[in-house]
Protein chains: 2
Amino acid sequence: MHFGCYFLLALDFAFRITLHMPRDNARLADFLPYRLSVTSNAVSNRIAVEYRARFGVNVPEWRVMAVLGDVGSLTQRQLVGATFMDKVAVNRACKVLVDRGLVERRPNDSDGRSHILELTASGREMHGQIMPLAMGMEERLLECLTAAEQRNLRKILDKLFAQVRDTDIS
Amino acid sequence: MHFGCYFLLALDFAFRITLHMPRDNARLADFLPYRLSVTSNAVSNRIAVEYRARFGVNVPEWRVMAVLGDVGSLTQRQLVGATFMDKVAVNRACKVLVDRGLVERRPNDSDGRSHILELTASGREMHGQIMPLAMGMEERLLECLTAAEQRNLRKILDKLFAQVRDTDIS
DNA sequence: GCTCAAATGTTCCAGATGCAACTATCGGGT
DNA sequence: ACCCGATAGTTGCATCTGGAACATTTGAGC
């Protein structure tokens, strides 16, 4: 966790440079991609620690479980599409989940290259425990925002993602 | 880049599960920390590729240069506070920048443990080139948002960060 | 001025990440 | 039926990342 003990110092520091710097100097703290990254990492780390401590899964593994628990049966390729993760990350997450008996992998009759992945009974049980935890964390995280701000945030993130995907930023 | 060729399929997939899934099922695509992470990673990767291609620096190195160029002279400890990066990341970034002649490190007279880091002439020159690029990318990224949405986003990210920092999410 | 806990920076190691190359399979064109 | 380019999955490798242990220096208390 690279925030925490240093945060007060950082705030003080940011405050000082806000006051004393010439207006035309670009400050990292004003750079929106930077803020997005810092906030996102803080949120992700916080949640990842919780998943790890309680269920022994990392974020890619949890994402795969969340999608499988929601949809049912998917191939790795479909999981890649559903989670926006790298196919290697999906492959590794699936391998771990299969080894732990949380996911079952059976041949795909209509395509010999792929397999069908599905939660086992034990996987569904963990899914039933981990989803309320995730929802609870989301709720407590979003407590600080009004309903309008929550809607705004979702809309804005969608717009930004589409912009990065479609537009030549460079 | 783990989005791109799979994106259309992902959209289609998300669309299908939106339509056909029971309402009470929690979907990963609705989970805000997930969306935040996907968007942030997409933005960061896109920008990182640009820095790498044009200046041969990675994100930690760029952050250190941005702060040094803005503030002047700092110790590694102050850089940690200013960038929210890990002290190891700051140390490595500084080492690389010193080796490349972009940053000068001189003893700190008032504290024998630390050194003062400062951009060299060549470092200031790169800073002068890289900051407009960063600002331009930010501008083109934010083109998709209204002025009100941009203000909202900054406010919301601040609130979220404070929430993660101060509140017990688990 | 001595001692010791705290702070700074550095190195080491272990895990996460993702690209690229590879194998196996598919399916369209001939 | 046979190519052959495209696709699904896997493995290897090189890089990124951060926690933990370490050396050095500081500064407060005695």
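A quick note: this is a predicted structure, and the numbers were derived from the prediction, not measured. We name chains A, B, ... by the order of the sequence lines, and we start the count at 1 in each one.
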Heteroatom pairs (N/O) under 3.5 angstrom, protein to nucleotides 13-15 of chain D:
none

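Within a 6.0 Å radius of CD in E139(B), other residues, nucleotides and ligands contribute 12 heavy atoms or fewer.
The hydrophobic cluster containing V64(A) also contains V98(A), counting ILVMFWY residues as joined when their side-chain heavy atoms lie under 4.5 angstrom apart, directly or transitively.
Residue pairs meeting the salt bridge (Lys or Arg N to Asp or Glu O under 4.0 Å) criterion with at least one member in residues 90-105 of chain B, sequence neighbours excluded, do not occur. Applying the salt bridge (Lys or Arg N to Asp or Glu O under 4.0 Å) test to residues at least two apart or on different chains, the pairs with a partner in residues 111-123 of chain A are R106(A)-E118(A), D111(A)-R113(A). Legend: salt bridge (Lys or Arg N to Asp or Glu O under 4.0 Å) pairs involving residues 141-150 of chain B, not counting sequence neighbours, sorted by first then second residue: K155(A)-E149(B), K159(A)-E149(B). A salt bridge (Lys or Arg N to Asp or Glu O under 4.0 Å) check over residues 48-60 of chain B, counting only residues at least two apart or in different chains, returns the pairs E50(B)-R54(B).
Atom-to-atom, CE of M85(A) to P of dA16(C) comes out at 13 Å; the value is rounded to the nearest Å. Rounding to whole angstrom units, CZ of residue R77(A) and C1' of dT25(C) are separated by 15 Å. The interatomic distance linking N41(B) (CG) with dA16(C) (C1') rounds to 13 Å, in whole Å. The CG atom of D86(B) sits 12 Å away from the C1' atom of dG9(C) (whole-angstrom rounding). At whole-Å resolution of the value, CZ in R63(A) and P in dA16(C) are 15 Å apart. Following rounding to the nearest Å, K95(A) (NZ) and dA16(C) (P) show an atom-to-atom distance of 13 Å. Rounded to a whole Å, the CG atom of N45(A) is 7 Å from the P atom of dG18(D). In this structure, the CG atom of N58(B) is 15 Å from the C1' atom of dG18(D), given to the nearest Å.
The residue among T75(B) and A89(A) whose nearest nucleotide of DNA chain C is located toward the 5' end is T75(B).
Contact annotation: K87(B) does not reach the phosphate of dA7(C) (side-chain N/O to OP1 or OP2, under 4.0 Å).
For V88(B), whose side chain is taken as the heavy atoms from C-beta onward, the closest listed nucleotide among dG12(D), dA7(C), dG19(D) is dG19(D). Closest to the P60(B) side chain, of the nucleotides dT17(D), dG9(D), dG18(C), is dT17(D). The side chain of S114(B) sits closest to dT8(C) out of dG18(C), dT8(C), dT11(C).
Just one of L74(A), L68(A), V90(A) meets the side chain to side chain contact (heavy atoms under 4.5 Å, CB included) condition when paired with L117(A); it is L68(A).
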Apply the test ring pair (Phe, Tyr, Trp, His ring centres under 6.0 Å) to residues W62(B) and Y34(A): give CA-CA distance (whole Å), side-chain angles for both, the deciding distance (0.1 Å), then the verdict.
-> CA-CA 11 Å; W62(B) 175 74; Y34(A) 162 78; 8.1 Å; no

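Judged by distance alone, the side chains of R35(A) and S40(A) never bring a donor and an acceptor atom under 3.5 Å apart.
Sorted by residue number, the members of residues 101-113 of chain A with any non-hydrogen atom under 4.0 Å from DNA chain D read R105(A), R113(A).
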